[in-house]
Amino acid sequence: QVRLMESGGGSVQAGGSLRLSCVVSGIASNGYCVGWFRQAPGKGREGLGVVERDGRTRNADSVKGRFTISLDTGERTLYLQMTGLKAEDTARYYCALVPRNTGSSDCGLLTGDVGYRGQGTQVFVSS
């Protein structure tokens, strides 16, 4: 059974940094894309970044230059490095995974609607 376990959330002042982690387990192959999305109270889900099956990364325009996604394939851990945090970054952050066969199309930014997602980790940014 696929499991995604996020950690690293917390409270930080505006301008600060956090690094979120997501450990992937329960999937035998590397045939998947994995990414981060967030959801703030009263708002919809927002895809933040994705690592495609072939290792290419993509970050959302809204956080480009501040957030960086990366994947340690050996440790099966996905990271989201967040810098220059703003109050509007306050949200619950989730890791999502979609299985992908060789030759499949790109996943694009994930929002947890398909595949698997974790329970999330809360980030609160005070201004």
Side-chain angles (χ1 to χ4, degrees):
Q1 181 178 357
V2 176
R3 291 191 65 188
L4 305 172
M5 183 66 68
E6 302 97 335
S7 63
S11 296
V12 64
Q13 290 187 331
S17 300
L18 282 174
R19 188 176 79 158
L20 306 183
S21 301
C22 171
V23 178
V24 178
S25 63
I27 184 166
S29 71
N30 289 325
Y32 56 83
C33 51
V34 62
W36 291 96
F37 69 96
R38 67 185 178 187
Q39 187 164 24
K43 296 188 176 180
R45 297 176 183 179
E46 179 187 13
L48 300 173
V50 64
V51 181
E52 299 287 358
R53 190 185 190 282
D54 62 5
R56 288 175 294 122
T57 60
R58 182 186 309 183
N59 293 297
D61 289 341
S62 60
V63 298
K64 199 168 290 184
R66 296 193 301 123
F67 292 9
T68 303
I69 191 171
S70 62
L71 176 65
D72 184 328
T73 54
E75 295 295 325
R76 292 202 163 189
T77 301
L78 181 73
Y79 298 101
L80 185 67
Q81 179 68 50
M82 306 187 293
T83 62
L85 283 162
K86 306 174 183 179
E88 52 263 43
D89 294 319
T90 294
R92 192 162 188 85
Y93 286 70
Y94 297 86
C95 176
L97 181 149
V98 175
R100 263 304 193 255
N101 295 323
T102 304
S104 298
S105 58
D106 286 351
C107 287
L109 295 176
L110 303 178
T111 55
D113 297 321
V114 295
Y116 306 89
R117 65 178 174 92
Q119 294 299 308
T121 185
Q122 184 68 39
V123 172
F124 179 79
V125 184
S126 58
S127 57

Step-by-step side chain to side chain contact (heavy atoms under 4.5 Å, CB included) determination, V123 to R92: CA-CA 6 Å; V123 172; R92 192 162 188 85; over 6 Å; no

Would a single hydrophobic cluster contain both L110 and L71, if residues Ile, Leu, Val, Met, Phe, Trp and Tyr are joined by side-chain heavy-atom contacts under 4.5 Å?
no

E6 side chain to T121 main-chain N or O, any donor-acceptor pair under 3.5 Å? no

Heavy-atom closest pair (S17 atom, G84 atom, distance to 0.1 Å) is OG-N, 4.4 Å

Between the CD atom in E52 and the OG atom in S105, the distance rounded to the nearest 0.5 Å is 8.5 Å

Rounded to the nearest 0.5 Å, the CG atom of L48 sits from the CZ atom of R38 at a distance of 5.0 Å

Looking only at heavy atoms, the pair that brings G47 and A60 closest together is O-CB, 3.3 Å

- Message: Run K43 and E88 through side chain to side chain contact (heavy atoms under 4.5 Å, CB included) and show every step you take.
- Response: CA-CA 11 Å; K43 296 188 176 180; E88 52 263 43; 5.7 Å; no

Decide whether a cation-pi geometry holds between R19 and Y79; the criteria are a distance under 6.0 Å from NZ or CZ to the six-membered ring centre and an angle within 45° of the ring axis. yes

Would you say L109 and F67 are hydrophobically clustered, going by side-chain heavy atoms of ILVMFWY under 4.5 Å?
no

- Item | Carboxylate-amine/guanidinium contact D106 R56, below 4.0 Å | yes

All heavy atoms of V34 vs all of C95, minimum pair found to be CG2-SG, 4.0 Å

Keeping T90 on the side-chain end and V125 on the backbone end, is there a donor-acceptor pair under 3.5 Å?
yes

| task | Could you give me the CA-CA distance, side-chain angles and deciding distance for V51 and I69, then say whether side chain to side chain contact (heavy atoms under 4.5 Å, CB included) is met? | result | CA-CA 7 Å; V51 181; I69 191 171; 4.1 Å; yes

Heavy-atom closest pair (D72 atom, E75 atom, distance to 0.1 Å) is OD1-N, 3.0 Å

_Taking atom CG as the centre, does N101 end up with more than 12 heavy-atom neighbours from other residues, nucleotides or ligands that are less than 6.0 angstrom away?_
no

To the nearest 0.5 Å, atom CD of Q13 lies from atom OG of S126 at 5.0 Å

* To do: Decide, yes or no, whether a salt bridge links R66 with D89 under the criterion of side-chain N to carboxylate O below 4.0 Å.
  => yes

message: So does C33 get a backbone contact from the side chain of R53, meaning a donor-acceptor N/O pair under 3.5 Å?
response: no

Worksheet item: Can any side-chain N or O of Q122 pair as donor or acceptor with the backbone N or O of A91 at less than 3.5 Å?
Response: yes

What about L78 and I27, same hydrophobic cluster or not, with Ile/Leu/Val/Met/Phe/Trp/Tyr joined at side-chain heavy-atom distances under 4.5 Å?
yes

State yes or no: do L85 and L80 share one hydrophobic cluster built from I, L, V, M, F, W and Y residues joined by side-chain heavy-atom distances below 4.5 Å, directly or via other members? yes

Q: Say whether W36 and M82 are linked into one hydrophobic cluster, either directly or through other cluster members, by side-chain heavy-atom distances under 4.5 angstrom.
A: yes

Any M5 side-chain heavy atom under 4.5 Å of V24 side chain = no

Tightest non-hydrogen contact, residues L20 and G9, listed as CD2-N, 3.6 Å

side-chain hydrogen bond (donor to acceptor under 3.5 Å, both in side chains), that's the test. Do S70 and Q81 meet it? Break it down for me. CA-CA 8 Å; S70 62; Q81 179 68 50; over 6 Å; no

Value for CD (Q39) from OH (Y93), rounded to nearest 0.5 Å, stands at 12.0 Å

Query raised in the report: Relative to Y32, does R100 satisfy both conditions: NZ or CZ under 6.0 angstrom from the six-membered ring centre, and within 45 degrees of the ring's axis?
Result: no

Polar side chain donor-acceptor pair, E46 to S62, under 3.5 angstrom: yes

All heavy atoms of Y116 vs all of P99, minimum pair found to be CE1-CG, 3.9 Å

